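Residue indices begin at 1 and follow the sequence shown. Atoms within a ligand are numbered from 1 in the order they appear, just like the ligands themselves. Small disclaimer: the values here were computed from a predicted structure and weren't measured.
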Amino acid sequence: MTESDIALLKNAVHTIENYPKEGIMFRDVMGILENNAAFSLTIESLKKKFENQGFTKVVGTEARGFLFGAPLALELGVGFVPVRKPGKLPRATYAQDYELEYGTDTLEIHQDALVADDKVLIVDDLLATGGTIEATTKLIRRVGAEATDAAFIISLPDLGGESKLADLGLAVTTLIQYEGE
Ligand SMILES: O=P(O)(O)OC[C@H]1O[C@H](OP(=O)(O)OP(=O)(O)O)[C@H](O)[C@@H]1O
Ligand SMILES: Nc1ncnc2[nH]cnc12
């Protein structure tokens, strides 16, 4: 990513103060989807980074992880597996509780969506505390598959997600960062 690539993505992301709760600076990734140049740069950058590395599945988390994970899976020529909020997946699931920057929740994965030989790339729009992707990693490993890498469009390094995911043995890729702002 060049300086102008970073500027293109940052210009597309809107910041909304005190949403969805007082004190939260919400970084709205939807602006990237609305801008074809920003969206294609995002998917192309992640494709370049992760192609030809033996990944067999992309896992994306509800809801915004679907928007980037599914097109990246198509580009990489692999399947996409959703990790969803409770009660949304119709087949047998595993469930994992987690904490968010602004609340707690549970995530689920289909028990049969991955096999032990799968090498999984995790994709989400944004890394904050890392709770969502910690829970996602536990779900992938519970199925027996390998989770080595997690990719995000945005990271908020002040919230500590990078070190939480490094402690889990994940390599973390982020395209743009908002630190101390
Ligand atoms: O690193 P963390 O502290 O876990 O936070 C990041 C997560 O929070 C947001 O999702 P949210 O749970 O708000 O769901 P949504 O995409 O359905 O709005 C975001 O899309 C990430 O998935
Ligand atoms: N500050 C933030 N902006 C957008 N999405 C988020 N998810 C968790 N924290 C967030």
Side-chain angles (χ1 to χ4, degrees), residues 6 9-35 38-39 42-43 45-46 50 57-73 80-90 93-110 113 120-142 147-181:
I6 292 168
L9 296 191
K10 282 203 159 184
N11 283 332
V13 173
H14 303 271
T15 297
I16 299 101
E17 286 181 38
N18 301 317
Y19 178 90
K21 289 188 177 163
E22 196 67 28
I24 302 288
M25 295 278 273
F26 191 84
R27 309 295 181 175
D28 182 18
V29 81
M30 294 306 173
I32 289 183
L33 293 166
E34 290 160 11
N35 178 326
F39 192 22
T42 297
I43 299 301
S45 302
L46 294 175
F50 292 108
K57 286 281 191 310
V58 171
V59 166
T61 51
E62 184 166 356
R64 287 171 264 157
F66 298 174
L67 301 170
F68 297 96
L72 180 61
F80 174 78
V81 174
V83 162
R84 297 207 64 179
K85 307 274 166 77
K88 301 281 190 183
L89 292 171
T93 58
Y94 293 122
Q96 182 69 49
D97 294 334
Y98 68 109
E99 285 183 18
L100 272 171
E101 189 186 359
Y102 38 78
T104 61
D105 216 331
T106 304
L107 288 173
E108 296 183 344
I109 194 169
H110 275 139
V120 175
L121 170 61
I122 301 169
V123 175
D124 204 354
D125 68 317
L126 179 143
L127 175 60
T129 66
T132 304
I133 297 311
E134 180 180 25
T136 298
T137 303
K138 287 180 181 167
L139 288 170
I140 293 164
R141 291 178 179 167
R142 192 154 158 206
T148 55
D149 284 73
F152 305 86
I153 319 313
I154 300 170
S155 86
L156 310 178
D158 298 337
L159 295 174
E162 270 92 351
S163 59
K164 183 180 281 182
L165 299 190
D167 289 348
L168 280 171
L170 287 178
V172 173
T173 297
T174 65
L175 300 185
I176 53 174
Q177 299 80 33
Y178 292 90
E179 197 160 13
E181 50 180 301

- Message: So, 4.0 Å and heavy atoms of Gly130: is ligand 1 close enough to count as a contact?
- Response: yes
- So which bit of Arg64 gets within less than 4.0 Å of ligand 2, heavy atoms only: side chain, backbone, both or neither? side chain
- Item | Considering all heavy atoms, the nearest Asp105-Lys85 contact | OD2-CD, 3.4 Å
- Message: Below the 3.5 angstrom mark, is there an N/O of Ala63, backbone or side chain, next to an N/O of ligand 1?
- Response: yes
- At a 4.0 Å threshold, what atoms of ligand 2 neighbour a non-hydrogen atom of Leu126? 3 (N), 4 (C), 5 (N), 6 (C), 7 (N), 8 (C), 9 (N), 10 (C)
- Which is it for Thr129 and ligand 1 at heavy atoms under 4.0 Å: side chain, backbone, both or neither? both
- Are any non-hydrogen side-chain atoms of Glu134 and Leu168 less than 4.5 angstrom apart? yes
- Task: Please assess Phe152 against Leu126 for the test side chain to side chain contact (heavy atoms under 4.5 Å, CB included), listing each intermediate value before the final yes or no.
- Result: CA-CA 5 Å; Phe152 305 86; Leu126 179 143; 5.7 Å; no
- Message: If you compare all heavy atoms of Ile6 against all heavy atoms of Leu175, which two are closest, and at what distance to 0.1 Å?
- Response: CG1-O, 4.4 Å
- Query: At a non-hydrogen distance cut-off of under 4.0 Å, which region of Leu156 contacts ligand 2 (side chain, backbone, both, or neither)?
  - Reply: side chain
- With only distance considered, is Ala128 within less than 3.5 Å of ligand 1 through an N or O on each side? yes
- Item | For Glu34, all residues meeting side-chain hydrogen bond (donor to acceptor under 3.5 Å, both in side chains), sequence neighbours excluded | none
- Task: Specify the closest pair of heavy atoms between Ala147 and Ile140, including all atoms of both residues, with the distance to one decimal.
- Result: CB-CG2, 3.9 Å
- Item | Shortest non-hydrogen contact between Ile43 and Pro71, atoms and distance | CD1-CG, 4.0 Å
- Query: Which atoms of ligand 1 sit under 4.0 Å from any heavy atom of Lys85?
  - Reply: 12 (O), 14 (O), 15 (P), 17 (O)
- Do Leu33 and Phe68 touch side chain to side chain, with heavy atoms closer than 4.5 Å? yes
- Just going by heavy-atom distances, which of Asp124, Thr132, Ile133 is nearest to atom 22 (O) of ligand 1? Asp124
- Task: For ligand 1, indicate whether the residue Asp125 contacts it via side chain, backbone, both or neither (heavy-atom separation under 4.0 Å).
- Result: side chain
- Message: Looking only at distances, can you tell me whether any N or O atom of Met25, backbone or side chain, sits closer than 3.5 Å to an N or O atom of ligand 2?
- Response: yes
